[in-house]
2 protein chains.
Amino acid sequence: MRSDHFIWKGKGYSARFLAMLKAKTPKNLQSGKSTLDEADARIVAALDSDARLSMSELARLVGMSAPSVSERVRRLGSAGVIRGFTVDVDTRAIGYQIRAMVRIRPLPGKLHLVEKLIQERPEFVECDKITGDDPFLARLVVHSIEQMDDVLEVLSEHAVTSTAVIKGTSVKRRLPPL
Amino acid sequence: MRSDHFIWKGKGYSARFLAMLKAKTPKNLQSGKSTLDEADARIVAALDSDARLSMSELARLVGMSAPSVSERVRRLGSAGVIRGFTVDVDTRAIGYQIRAMVRIRPLPGKLHLVEKLIQERPEFVECDKITGDDPFLARLVVHSIEQMDDVLEVLSEHAVTSTAVIKGTSVKRRLPPL
DNA sequence: GTTGAAAATAGCACGAA
DNA sequence: TTCGTGCTATTTTCAAC
């Protein structure tokens with residue numbers, strides 16, 4: 001048995017083991033933040049508020065030169081932190097009056113079929129696989145209640161669904177602490 | 001009574017009334033699409049796949065001149081169709097290992113308090129107000145199970161929560177038919 | 001990470017369909 | 001109205017440091 005495994009200071013852990021624990025949980029995670037350094041955090045936050053900011057403007061905001069931020073953005077992309085840049089579309093402004101969250105419980109043996117049906121219906125604009133009684137939780141966007149019924153009808157032979165219409169938004173999509 | 005209110009062709013509606021109904025439901029809505037014309041639809045779709053496309057590249061993709069698409073993008077913005085441009089961040093790549101969907105049912109009289117608590121907790125990255133037994137459905141992003149407990153602990157005095165951990169994604173966020 | 005120059009791009013005024 | 005052309009200012013990119 002090596003000496004650094006000995007009980008030390010009444011805590012039951014060696015100094016080295018305690019240090020190792022600390023190393024595995026970076027300081028910024030302990031305080032509820034992300035693993036990004038401050039410059040990257042500011043870049044990501046700025047791009048979140050406006051993904052079309054020019055690199056030069058972004059450079060001004062974070063206090064660096066344009067080539068530097070440009071390189072950081074490129075690296076954030078290849079590191080998988082930034083998956084892409086998208087547009088925030090108001091679906092109601094293009095005729096989709098109703099949004100709903102649908103919990104979906106496939107009948108026995110129909111899990112994969114149901115997943116495929118969800119993926120094939122473009123009105124399902126998002127779907128997560130979750131723990132619990134209902135394996136799928138999907139976001140649905142439709143023009144009318146009639147269209148909502150049409151979409152759910154497709155699943156009705158193969159799954160039990162619980163639909164909750166979205167009445168409003170308490171928290172608009174945002175990033176966790178960076 | 002005007003003649004165009006008379007029953008016509010055994011359907012119970014006048015020709016003018018039928019035409020009006022048709023006018024209120026544009027053809028593209030009948031076929032499950034949006035209210036955008038084809039050029040705008042292509043612009044929005046292209047920006048959704050890459051919001052940082054230059055106007056000249058976008059112009060090439062949709063087969064128009066740069067000033068034309070530029071003006072259309074501006075108009076889509078002021079029409080409220082495009083709310084903004086954002087970045088798609090992989091929260092796991094920045095240290096947030098766990099995502100969960102939380103249904104939240106405030107205790108009697110605590111609806112507004114609970115909504116405020118949700119909004120103040122940055123780990124709730126999204127929250128919709130929905131119909132049904134649980135008024136709120138929130139998306140939670142945390143580093144660890146311990147942190148998840150910490151967040152839910154804040155609500156525990158004022159609400160009943162049901163948490164489902166996200167195991168994977170069946171449909172990545174996408175736009176409905178344009 | 002910074003600087004500076006070359007190439008590409010954006011924004012604007014104006015003209016055409 | 002909506003789209004296209006030409007000009008100018010800004011921005012992006014790449015080099016070298």
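Chain identifiers are assigned alphabetically (A, B, ...) following the order of the sequence lines, protein sequences preceding nucleic acid strands; residue numbering begins at 1 within each chain.
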Flag yes if more than 12 heavy atoms outside [X] fall under 6.0 Å of its [atom1] atom; otherwise flag no.
X: Glu120(A); atom1: CD; value: yes
X: Arg83(A); atom1: CZ; value: yes
X: Glu38(B); atom1: CD; value: no
X: Lys116(A); atom1: NZ; value: no

Shared hydrophobic cluster, Phe136(B) / Phe124(B) (ILVMFWY, side-chain heavy atoms < 4.5 Å):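 Phe136(B) clusters together with Phe124(B).
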Quick one: [X] [atom1] to [N] [atom2], roughly how many Å, whole number?
X: Arg74(B); N: dC12(C); atom1: CZ; atom2: C1'; result: 13 Å
X: Glu71(B); N: dA13(C); atom1: CD; atom2: P; result: 12 Å
X: Arg72(A); N: dG1(C); atom1: CZ; atom2: C1'; result: 9 Å
X: Asp37(A); N: dG1(C); atom1: CG; atom2: C1'; result: 13 Å

Given protein heavy atoms under 4.0 Å, the one-letter contact record of nucleotides 8-14 of chain D, with B base, S sugar-phosphate only and - none, is simply ---SSBB
Take the C1' atoms of the five end pairs on each side of the helix from dG1(C)-dC17(D) to dA17(C)-dT1(D), derive the two axes, and give their angle rounded to 10 degrees.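 Answer for the end axes of this duplex: 40°.
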Scan residues 169-178 of chain B for pairs that pass salt bridge (Lys or Arg N to Asp or Glu O under 4.0 Å), counting only residues two or more places apart or in two chains.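 Listed by first then second residue: Asp88(B)-Lys172(B).
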Would you confirm whether Glu57(A), through its side chain, and Leu53(A), through its main-chain N or O, come within 3.5 Å as a donor-acceptor pair?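 Between the backbone of Leu53(A) and the side chain of Glu57(A) there is no qualifying donor-acceptor contact (under 3.5 Å).
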Donor-acceptor pair, Ser156(B) side chain versus Glu153(B) backbone, under 3.5 Å?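 Confirmed, Ser156(B) side chain pairs with Glu153(B) backbone.
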